[in-house]
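This structure is a prediction, so every number in the text was calculated from the model and none was measured. Residue numbers start at 1 and run along the sequence shown. Remember, it's 1-based here, ligands and their atoms both numbered in the order they're listed.
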Amino acid sequence: MVVGELSTEVDVAVIGSGPGGYVAALRCAQLGLETVLIEKSSYLGGVCTNDGCIPSKALIHAANIAFDSTHSEKMGISSKTRIDIKKMQKWKEDVVSGLRNGIASLCKSYGVEVVSGEASFRSSELIVVETGHGTAYYRFKNAIIATGSNPSSLKGLEFDHKRIIDSSDALALNEIPKRFIVVGAGYIGIEMATLYAKLGSDVTIIYRGERILKNLEPELGMAVQKRFDALGIKLLLNSNVTDWDVKGKSAFASVKSEGASKKTQKIPFDKLLVAVGHEPTTKGFGLEKTKVELDEKGFIKVDLERRTQDPKIFAVGDVAGAPMLAHKAFREGKVAAEVIAGKKSAFDNVAIPLVVFSDPELASTGMGEEEAKLKGYKVKASRFLLSASGRAKTMDAAGGGFVKLVSDADSGILLGAHIASPNASELISELSLAIEMGAQMEDVAATVHPHPTLSESVMESADVGLDKCVHLMKKSSL
Ligand code: FAD
């Protein structure tokens, strides 16, 4: 690096060390570019590692073990399970810190310079970083913005981080709340509701819309909703929290429900999680001093190379648009780095999976049935029920699950896949690959899948679509 009078010259300055930023920085360095990775938080890894994907999945895994251990009587297993939430949190923290340290080690091994401090643009070529020890200036040939997103708040339910909490707070509780309200029914709200229900909380989900997980195929949301009774989760749709107050030691949410169950009620709670979406982090770091532009939803406008309106500046991850998911950020980070290094690369993926670690687990990739119809395809939807899967039966998971494939009836090309099943998160990648490669239903159906596995249901669903499934009764399909 060349240190000028005031600034250090670098090939690439990356702002933010979440999945988008750290992967972009590593790939830049791997391609021989001098790279700095600037992070304002004391931890590397962004939301995903510290407050999102990793801690949530660690706790969900632990909660699943606890729940299953007390719900397997018919298999001859009965036990009295004691949950030590503090110990669970400590285990989760160990998982998180191990991965966080791993990112630091990767940066070291590839020669990425990690700078601790808050970055802001002075111009389209200069970034200033307020470190704990002073101010540093970086003159860059290219910059990558990976500043992520922050939880949206609701008027009247502003976070006090004690009773009204965000997802980071919910993942750090050292006491299992007796009464837990979740406002919102997107994937984060549903995952948190399921987690705490399985740890023993009395959970109520309050959602203003008509159906949960509205960005997914309706059947997926229904598969999860059908389990709510068994998990003890109450669901109030078409409902809003209008106010909340504290009487004595208890807090109460005033909830107004519209539609068939029109009423107003007060619901007591210990913790109320607001999980109503995330806003891209675009303010407070000098974007106005560059030519970077925002779109109508507030995301940074980028092209397929993830280049902004300012030719030297790229943006990746949550700040660069939906879906706000870590694996989308990983891919975009690699694309931006490769473009900067002069390689031909583009974020032109057609199948970006979404996974919900609910009960049952859900996964979706490519187009939904309605979306495909709107795009003009003659759609064929096929569904194989897990009730006909040998493996699902051996796992006591045959009820309610399915694999649904959406294909083009004319060409047989696979357009989308939607799964409700244990390990749906692992099953979906085969179908993303198939979609990316333009595979036909016949390709999926003719691929030999191991027996007995849940993955056979993917093949069977393709057989259903081709009207040749032998593991469903004659004429059964959708
Ligand atoms: P982030 O991870 O948000 O990182 C941005 C980083 O930039 C932060 O570290 C921030 O401190 C830093 N920063 C911001 N401004 C500056 C500045 N001016 N100077 C220096 N540093 C700055 N996604 C999945 O794919 N799977 C999941 O299972 C999943 N589960 C989730 C569960 C929860 C509870 C939450 C909240 C999110 C979850 N996500 C999941 C979403 C995922 O975490 C995000 O999509 C992902 O973290 C986005 O990565 P990013 O790199 O864009 O930004």
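Geometrically, Arg179 does not engage Phe269 in a cation-pi contact, judged by NZ or CZ lying under 6.0 Å from the ring centre and within 45° of the ring axis.
Under the 3.5 Å distance criterion, with hydrogens and angles disregarded, a donor-acceptor pair is assigned to the side chains of Thr281 and Asn150.
Any N or O atom pair closer than 3.5 Å counts here, and Gly45 shares no such pair with ligand 1. The shortest N or O to N or O distance between Phe285 and ligand 1 is not below 3.5 Å. The shortest N/O to N/O separation between Ser167 and ligand 1 does not fall below 3.5 Å. No N or O atom of Glu118 sits closer than 3.5 Å to an N or O atom of ligand 1. Of the polar atoms of Tyr187, at least one N or O is found under 3.5 Å from an N or O of ligand 1, judged by distance alone. On a distance-only criterion, Ile188 and ligand 1 share no N/O pair closer than 3.5 Å. Between Gly20 and ligand 1, at least one pair of N/O atoms sits closer than 3.5 Å. Between Glu39 and ligand 1, an N or O atom pair is found at a separation short of 3.5 Å. Polar contact check, Gly317 against ligand 1: no nitrogen or oxygen pair lies under 3.5 Å apart. Considering backbone and side-chain atoms alike, Ala326 places an N or O below 3.5 Å from some N or O of ligand 1.
The atoms of ligand 1 that sit less than 4.0 Å from any heavy atom of His278 are 36 (C). Heavy-atom contacts of Ala146 reach the following atoms of ligand 1: 5 (C), 6 (C), 7 (O) (cutoff under 4.0 Å). Set against the non-hydrogen atoms of Ser149, the atoms of ligand 1 under 4.0 Å away are 3 (O). Listed by number with element, the atoms of ligand 1 under 4.0 angstrom from any heavy atom of Cys48 are 2 (O), 43 (O), 47 (O). Listed by number with element, the atoms of ligand 1 under 4.0 angstrom from any heavy atom of His327 are 25 (O).
Ion pairing between a basic and an acidic side chain is recognised when a charged N comes within 4.0 Å of a carboxylate O; Glu125 and Arg139 show such pairing. Between Lys328 and Asp318, no side-chain nitrogen of the basic residue sits less than 4.0 Å from a carboxylate oxygen of the acidic one, so the salt-bridge criterion is not met. Salt-bridge annotation for Glu191 and Lys57: present, with a side-chain N of the basic residue lying under 4.0 Å from a carboxylate O of the acidic one. Lys141 and Asp11 are joined by a salt bridge, as a carboxylate oxygen and a charged side-chain nitrogen come within less than 4.0 angstrom of each other. A salt bridge is absent between Glu456 and Arg391; no separation between the charged side-chain nitrogens and carboxylate oxygens falls under 4.0 Å. Between Glu338 and Lys334 there is no salt bridge, since none of the side-chain N atoms of the basic residue sits less than 4.0 Å from a carboxylate O of the acidic one. Of the charged side-chain nitrogens involved, at least one lies within less than 4.0 Å of a carboxylate oxygen, so that Asp202 and Lys234 count as a salt-bridged pair.
In this structure, Ser97 OG and Lys90 NZ are separated by 7.5 Å, a value rounded to the nearest 0.5 Å.
Taking all heavy atoms of Gly286, Gly16, Pro19, Ser168 into account, the minimum distance to atom 49 (O) of ligand 1 is reached by Pro19.
Nearest approach of Arg331 to Ala346, heavy atoms of both residues: NH2-O, 3.4 Å.
Proximity of Ile15 to ligand 1, defined as any heavy-atom pair under 4.0 Å, is confined to the side chain (atoms from C-beta onward). Contacts with ligand 1 closer than 4.0 Å are made by no heavy atom of Glu191, backbone or side chain.
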